[in-house]
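Counting starts at 1 for both ligands and their atoms, in listed order.
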Amino acid sequence: MKYQKLGKTDLNASVISFGTWGIGGGSVWSDLSVGVGEVESLLDAAGDLGINYIDTAPVYGTGVSEELLGKALKNGRRSKFLLQTKCSLNWRNEGGNFHYERDGYTVENDTSAKAVRKDVEDSLRRMQTDYLDVLVVHYVCKSWPVEETMGALQAMVKEGKIRAVGLSNSKPGDLDEYEKYGTVALVQEQYSLLAPYHGCEYFPTAQKHNAVFQVYGALEEGFLTAPDYVDRSFPKGDVRGKLPWIHEPIRGEIHKLFQVMQPLTEKYACSYSNLVQAWTLKQFPNLNLLTGFRHIETMENTCRCLDITLSDEDARLLSEAAKPAQVKELDK
Ligand SMILES: NC(=O)c1ccc[n+]([C@@H]2O[C@H](COP(=O)([O-])OP(=O)(O)OC[C@H]3O[C@@H](n4cnc5c(N)ncnc54)[C@H](OP(=O)(O)O)[C@@H]3O)[C@@H](O)[C@H]2O)c1
């Protein structure tokens, strides 16, 4: 495993981090229901592989992901991991901005000081812990002053409830603004071979503030793991059914991309996923590869991407081959 400091903090995080949206299940990740025993095994496997950094959020399974982690982090596991969760999206019906409706819950976005404090209390309770290593603002929004939001986050750092702050679904200008009122350790943003534009625009500002660029969705929720994934169908409500990759002409273009990748998987003796992950890691020096896992095998396989040194020429080849399938904007 490789490790990196999270921005200007002294938190030493594994470059591969464990994303737990999928273990929240529900209609969004509809094909697998994960229980506490499986999460314990995933955490133990992560520990063995050197992965020490977990990402979750209150809304993943509307509390389910955090609750499962809370139960599984008992028995001495908590202290082995950097635990990151998020604030701003909640289903308390206290009057934030409407965000979405899912599984019978209305989720609102609220970055007021009162709301983010309540979010932290709720997460600490669900995860049965008394501190969070990183708290990420899940959806940066302009309805409340940044000074107020960051003021509340900085106060919670002083109180020892959280150790570092991150932003997600933000723009470079948001990072500039938040940095006026404190330190942002990382930005967690969508970035992939199929949707690279937001990241490319963001990299210089992340570098300027020495913030880690934590990528989510590098494998596009599985679509970049194997050619036949794009031919799967998903029930209504499943995140994968809403992505543009299943529709023509993009689906056909992704198949062509896999044809370009195939000989490279032989050259580097690796999986398609590893090739995509090695490409992703090459795009920014201070990148963190946040990857969703519900199986130990996919976690183990992912760690192998760190051993691949993709040549500049092959990285360019992948970038070019992906262009016909790329989209400018992607909302998950
Ligand atoms: N801030 C935000 O708004 C936001 C949005 C989306 C995601 N996230 C975070 O980012 C994390 C990652 O995103 P994601 O989970 O949506 O998508 P992802 O990491 O692009 O894809 C996850 C899928 O890829 C599969 N996979 C992972 N490694 C693999 C490998 N080596 N070989 C084959 N398959 C592999 C997983 O399989 P298995 O399930 O079979 O293990 C899972 O189905 C989330 O879990 C969440 O923590 C944040």
Side-chain angles (χ1 to χ4, degrees), residues 16-26 28-34 38-39 41-42 45-46 49 51 53-61 64-66 68-69 83-89 99-100 107 109 134-141 166-170 186-195 198-199 213-230 232 234 238-240 242-243 245 261 265 270-281 288-308 330-332:
I16 293 169
S17 43
F18 175 11
T20 64
W21 187 18
I23 68 170
V28 190
W29 286 87
S30 60
D31 53 347
L32 190 68
S33 180
V34 177
E38 281 107 332
V39 180
S41 302
L42 283 163
L49 290 162
I51 297 174
Y53 188 11
I54 309 169
D55 176 74
T56 185
V59 286
Y60 294 168
V64 171
S65 175
E66 286 194 339
L68 283 170
L69 281 170
L83 186 55
Q84 168 172 295
T85 191
K86 310 198 180 78
C87 64
S88 88
L89 296 186
H99 202 69
Y100 60 74
V107 170
N109 194 15
V134 189
L135 185 73
V136 173
V137 181
H138 204 150
Y139 266 80
V140 166
C141 88
L167 304 181
S168 188
N169 301 300
S170 64
L186 63 103
V187 292
Q188 182 185 121
E189 300 294 326
Q190 171 280 322
Y191 182 72
S192 78
L193 190 52
L194 297 179
H198 174 61
F213 192 87
Q214 183 172 52
V215 167
Y216 73 75
L219 294 176
E220 286 300 343
E221 281 75 32
F223 284 102
L224 286 175
T225 63
D228 56 1
Y229 209 97
V230 249
R232 285 177 64 178
F234 298 94
D238 193 298
V239 61
R240 292 160 292 185
K242 293 181 200 153
L243 293 171
W245 322 126
M261 286 203 272
T265 60
C270 69
S271 64
Y272 288 110
S273 306
N274 286 165
L275 202 57
V276 172
Q277 291 165 329
W279 177 89
T280 309
L281 284 165
N288 186 275
L289 194 62
L290 172 56
T291 312
F293 304 116
R294 296 171 299 169
H295 294 99
I296 291 171
E297 301 73 35
T298 56
M299 188 185 273
E300 285 172 345
N301 180 264
T302 290
C303 290
R304 292 190 206 136
C305 77
L306 296 176
D307 300 328
I308 298 169
L330 193 56
D331 185 14
K332 295 179 179 173

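At least one N or O atom of Thr298 sits closer than 3.5 Å to an N or O atom of ligand 1.
The side-chain contact (heavy atoms from CB on, under 4.5 Å) search around Val28 returns Trp21, Arg102, Val239, not counting sequence neighbours. By the side chain to side chain donor-acceptor pair (under 3.5 Å) test, His198 pairs with Glu189, sequence neighbours left out.
Asp55 and Ser17 form no side-chain donor-acceptor contact under 3.5 Å, judged by distance and modelled atom types alone. Judged by distance alone, the side chains of Thr20 and Ser65 do bring a donor and an acceptor atom under 3.5 Å apart. Using modelled atom types and a 3.5 Å distance limit, the side chains of Glu220 and Ser192 yield a donor-acceptor pair. For the 3.5 Å distance criterion, the side chains of Asn109 and Tyr100 fail to qualify, holding no donor opposite an acceptor. For the residue pair Tyr60/Lys86, the side-chain donor-acceptor check at 3.5 Å is satisfied.
Put simply, part of Tyr60 is less than 4.0 Å from ligand 1, judged by heavy atoms. Using a 4.0 Å cutoff on heavy atoms, Gly217 counts as a contact of ligand 1. Residue contacts with ligand 1 include Trp29, since one or more of its heavy atoms lies under 4.0 Å from the ligand.
Listed by number with element, the atoms of ligand 1 under 4.0 Å from a non-hydrogen atom of Asn169 are 1 (N), 2 (C), 3 (O). If you number the atoms of ligand 1 from 1 as listed, the ones under 4.0 Å from a heavy atom of Thr225 come out as 33 (C), 34 (N), 35 (C).
Summary of contacts: the protein heavy atom closest to atom 25 (C) of ligand 1 is Gly292 O, 4.0 Å. Closest to atom 39 (O) of ligand 1 among all protein heavy atoms lies Arg294 NE, 2.7 Å. At the top of the distance list for atom 2 (C) of ligand 1, counting protein heavy atoms only, stands Tyr216 CE2, 3.3 Å. Protein heavy atom at the shortest distance from atom 40 (O) of ligand 1 is His295 ND1, 2.5 Å.
For atom 21 (O) of ligand 1, the choice among Glu220, Glu221, Glu189, Met299 with the nearest heavy atom turns out to be Glu221. For atom 24 (O) of ligand 1, the candidate residues are Gly222, Cys305, Ala226; the nearest heavy-atom contact is made by Gly222.
Within the 4.0 Å heavy-atom criterion, the part of His138 lying near ligand 1 is the side chain and not the backbone.
You'll find the side chain of Ile54 stays beyond 4.5 Å of the side chain of Gln84, heavy atoms only.
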